[in-house]
Peer 1: 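Structure incoming, see below.
Atom set for the values below is all heavy atoms of this structure, side chains included, hydrogens, waters and symmetry mates excluded. Every chain is numbered from 1 and lettered A, B, ... according to where its sequence line falls, protein lines coming before strand lines.
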Number of protein chains: 2
Amino acid sequence: MAVTIRDIAKQAGVSVATVSRSINSATKNQVREETRKKIFEIIKKYNYFPDQIARSLSTRKTRVLGLCMPFRASVFSSDYFTGIIIGAIESARRLGYELKIVLLSETARGLDISDVNKTSAIDGALLVGTRIEDELLPVFRNSDAPWILVNNYSENDDGKTNFVDCDNKKGAYDAVNYLFDMGHREIAFIKGPADSRNANDRFAGYMKALKKNGIKSDKSLFRTGDFTEKGGYLAAQELLADKNNITAVFCADDEMAVGALQAVKDKGLNCPKDISIIGFDDIRLSRYVDPPLTTVRQPIYEIGKVAAQMLVHIVEGKIQTPVSKVLQTELIERDSCAIAARK
Amino acid sequence: MAVTIRDIAKQAGVSVATVSRSINSATKNQVREETRKKIFEIIKKYNYFPDQIARSLSTRKTRVLGLCMPFRASVFSSDYFTGIIIGAIESARRLGYELKIVLLSETARGLDISDVNKTSAIDGALLVGTRIEDELLPVFRNSDAPWILVNNYSENDDGKTNFVDCDNKKGAYDAVNYLFDMGHREIAFIKGPADSRNANDRFAGYMKALKKNGIKSDKSLFRTGDFTEKGGYLAAQELLADKNNITAVFCADDEMAVGALQAVKDKGLNCPKDISIIGFDDIRLSRYVDPPLTTVRQPIYEIGKVAAQMLVHIVEGKIQTPVSKVLQTELIERDSCAIAARK
DNA sequence: CTGAAAGCGCTTACAG
DNA sequence: CTGAAAGCGCTTACAG
């Protein structure tokens, strides 16, 4: 049988209340040092660890954060998933929290986030990988349970959401300006899925940059991908077949950029000589393809880190909500973009 | 205030016991259908969800599995980490469990796995990324709490450990035979860290294949890497400087193989013409380097899946321990190996 | 500084 | 088929 606080109390000749006070940093000063010392000896001797479950039932706090996400392949894209988790777990750990992965059912059965909290025994939620279609957001908003939207805030949002994200629009804007400065005028764009908020913001950034540079947008220059390599390949293939005067393509994520790169090669064209390609995210693979991909880096690890930290602050009531943080992207120049070829 | 079982009982005009029985599949048949129906109406009406914490305290089961690992970079290598987690979480979910990530402190302070279970509120542990130096294993063995060693079993082990792993020795053996059949006789080996069990088993497989083919092992053909790309690069560089007659190098993981490939290129040599390279794991990157890497595929997703499933079976007492499963590796032929060049 | 007692929200023998 | 009651292992007002 496991040793409980009762056993310790009995052996130390004190009440369970005194043992409890001794082992909780907030109350340990209420106990005479000498008493505490004796208690800790007994604790050590019996190798006692307080039961976290009992503690939670009593305090109504679990000290665990939920990383909540739909079970969708794109969320689990290795670099993204790993980055968020490691960032989050580092913060959590430092602040004395653990991390639990909770999968949201695809069939969003009107689950309220406070239900998630109760059924999953978490103090707060990091909401990752949502899409507009999930319709998770509206219902989450009606909850007073602490949660943070990670990486899917939209500038068209309601202003009441806690979130951390990178500046998708600005990142895309920068990418297009970069291409423009290299002389590109016919810049194609491969969008992400229509129901992805950050995909939309990236598109908005593209449009904004076009406008600023006096280029009028041309619908025949857009294609929609699904954030996968294959989707990028297909979209680029179409683009290359239709329009022979494009000199650059901006992809809403690196996966699609990798696919687009392959399409360019398969068409017998050279990147960057004939076509420049620029991606978004800076996944590990970007450095290894040939040519290495120029891209807009999203500080994913930082995002996870900041998000978890922020969530803990909310949970502990140390911060006023709504709260948010927008991290900056960084243009990473590699070899997939070059001065626009004369056409 | 959240609604509790009391509220439901009161509204339904029954006792909490009856409500409790109704909502637990194991006991729901003890309740008259009519009564149950009424109870569920009330539950729905009040949007009641049973508190998992209270349940856990009462049943002494949490229905969460712990993915326990040291906080070490190599564990978090994207493909590995993601593969294990997704595999594990899928099994867990299907069986009604959740997954919590618990970081083991580097400074292994004599933590017993049963303590982990108590302090982390988990029913069982998946032990990932351990090294011999961790000295976690011996202490874990003294515990009766359910746990499974993932991916680090050694054939020299005690036979009492629950584990799932791939057949590292056999995989390495296959790789070397493959090279031998292509005419290679001077086959270098870049080992993993000395305190990694699977690294050692892979080395053992290499040695076994050498012996079987009548090649005597040559110490000058071994180098030790650290499972990272950089380590592989450095080791290969040394190898290439020292021995000019090697025609192939087998790397204990793909990360090192990618590094080795770069070293070969930097030396002005061609892979596979001058030097064949073969890796282990089949990480995503392997398909993208130039030339694409021939490697020994480790079914990492399957490993996570089987491990979680096995753990649940142990936790629920449905299976006799010790229990284990060894999954087979698969040689993936790509373009980094060729017939040995005459020297 | 310390203890007795109530309470956190469930489950489950026990009795009927 | 149902209920009253004890119990899971803690924390925390309350009283002294």
Peer 1: Could you work out the separation of D:dT2 and D:dA6 based on their P atoms and round it to a whole Å?
Peer 2: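 Comparing P positions in D:dT2 and D:dA6 gives a spacing of 23 Å.
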
Peer 1: Pick base, sugar-phosphate or nothing for A:Asn29, based on heavy-atom distances below 4.0 Å to the nucleic acid.
Peer 2: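 Since only primed, P, OP1 and OP2 atoms lie under 4.0 Å of A:Asn29, the category is sugar-phosphate.
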
Peer 1: Atom NZ of B:Lys28 to atom C1' of C:dC10: distance rounded to whole Å?
Peer 2: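 The answer, rounded to whole Å, is 19 Å.
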
Peer 1: Please report the C-alpha distance between B:Asp51 and A:Arg60 in whole Å, then the side-chain angles of each, then the deciding distance to 0.1 Å, and finally whether the salt bridge (charged side-chain N to carboxylate O under 4.0 Å, His left out) criterion is met.
Peer 2: CA-CA 10 Å; B:Asp51 183 303; A:Arg60 304 275 68 201; 2.9 Å; yes

Peer 1: Can you tell me how far P of C:dC10 sits from CD1 of B:Ile8, to the nearest Å?
Peer 2: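 Those two atoms, CD1 and P, are 9 Å apart.
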
Peer 1: Measuring only the P atom in each nucleotide, how far is C:dC1 from C:dA5? A whole number of Å is fine.
Peer 2: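 That atom pair is separated by 24 Å.
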
Peer 1: A:Phe81 vs B:Phe81 aromatic rings, parallel, tilted or perpendicular, using cut-offs 30° and 60°?
Peer 2: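 Ring orientation of A:Phe81 relative to B:Phe81: tilted.
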
Peer 1: CZ of A:Arg63 versus C1' of D:dC10: gap in Å, rounded?
Peer 2: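 That distance rounds to 15 Å.
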
Peer 1: A:Asn198 and A:Gln298: side-chain donor and acceptor closer than 3.5 Å?
Peer 2: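 Not at all, the side chains of A:Asn198 and A:Gln298 share no donor-acceptor pair under 3.5 Å.
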
Peer 1: Quick one: which of C:dC8, D:dT12, C:dA13 gets closest to the side chain of A:Arg60?
Peer 2: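 Nearest to the side chain of A:Arg60 among the choices is C:dC8.
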
Peer 1: Kindly indicate whether the side chain of A:Ser58 and the base of C:dG7 share any N or O donor-acceptor pair separated by less than 3.5 Å?
Peer 2: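 It does, because a donor-acceptor pair links the side chain of A:Ser58 to the base of C:dG7 below 3.5 Å.
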
Peer 1: With respect to the phosphate group of C:dC8, does any side-chain polar atom (N or O) of A:Ser56 fall under 4.0 Å of OP1 or OP2?
Peer 2: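 False: A:Ser56 side-chain N/O out of range (4.0 Å or more) of C:dC8 OP1/OP2.
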
Peer 1: Nearest to the A:Asp51 side chain among C:dC10, D:dG9, D:dG3, which nucleotide is it?
Peer 2: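 For A:Asp51, the side-chain atoms sit closest to D:dG9.
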
Peer 1: By the 4.0 Å heavy-atom rule, please label A:Ser20 as base, sugar-phosphate, or nothing.
Peer 2: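 The answer is base, as A:Ser20 lies within the cut-off (heavy atoms under 4.0 Å) of a base atom.
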
Peer 1: Just the rounded figure in Å: distance from C1' of C:dT11 to CD of B:Gln52.
Peer 2: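 My rounded result for the distance is 12 Å.
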
Peer 1: Measure from the side-chain heavy atoms of B:Arg21 and tell me the nearest of C:dT11, D:dG3, D:dC10.
Peer 2: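 Among C:dT11, D:dG3, D:dC10, the one nearest the side chain of B:Arg21 is D:dG3.
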
Peer 1: Taking the nucleotide of DNA chain D with the closest heavy atom to each, which residue, B:Thr59 or B:Gln30, is nearer the 5' end?
Peer 2: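 In this pair, the answer is B:Gln30.
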
Peer 1: Please give, in whole Å, the distance from D:dT2 P to B:Lys38 NZ?
Peer 2: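 In whole Å, D:dT2 P lies 9 Å from B:Lys38 NZ.
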
Peer 1: Please pick, from D:dG9, D:dT12, D:dT2, the nucleotide with the shortest atom-to-atom distance to any side-chain atom of A:Ala17.
Peer 2: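 Of D:dG9, D:dT12, D:dT2, D:dT12 is nearest to the side chain of A:Ala17.
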
Peer 1: Are A:Arg55 and A:Ile23 packed together at the side-chain level, in the sense that at least one heavy-atom pair is separated by less than 4.5 angstrom?
Peer 2: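 Heavy-atom side-chain distance check passes, below 4.5 Å.
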
Peer 1: Measure from NZ on A:Lys10 to P on C:dT2 and round the result to the nearest Å.
Peer 2: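 Atom-to-atom, A:Lys10 to C:dT2, this comes out as 20 Å.
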
Peer 1: Could you tell me the separation between the CG atom of B:Leu57 and the P atom of C:dG7, rounded to a whole number of Å?
Peer 2: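 Nearest whole value for this atom pair: 17 Å.
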
Peer 1: Is there a side-chain contact between B:Arg32 and the phosphate of D:dT2, meaning an N or O under 4.0 Å from OP1 or OP2?
Peer 2: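 Answer is yes, contact under 4.0 Å.
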
Peer 1: Do B:Ile122 and B:Leu65 have side chains that approach each other closer than 4.5 Å (heavy atoms only, starting at C-beta)?
Peer 2: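 No. Closest side-chain heavy atoms not under 4.5 Å.
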
Peer 1: Take the protein atom CD1 of B:Ile53 and the nucleotide atom P of D:dT11, then report the distance between them rounded to whole Å.
Peer 2: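 After rounding, the gap between these two atoms is 14 Å.
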
Peer 1: Between D:dT12 and D:dG16, how far is it from one C1' atom to the other, in whole Å?
Peer 2: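 These two C1' atoms come out 16 Å apart once rounded.
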
Peer 1: Contact class for A:Thr35 (heavy atom, under 4.0 Å): base, sugar-phosphate, or nothing?
Peer 2: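 Counting heavy atoms under 4.0 Å across all strands, the contact made by A:Thr35 is with sugar-phosphate only.
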
Peer 1: So, is B:Ser15 close to the D:dT2 phosphate, meaning a side-chain N or O under 4.0 Å from OP1 or OP2?
Peer 2: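 No, no such contact exists.
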
Peer 1: Can A:Glu98 and A:Arg63 be counted as an ion pair, charged N to O under 4.0 angstrom?
Peer 2: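 Result for this pair is no, no salt bridge flagged.
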
Peer 1: Who is the Watson-Crick or G-U wobble partner of C:dC14, with both distances under 3.5 Å?
Peer 2: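 Across any shown strand, C:dC14 pairs with D:dG3.
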
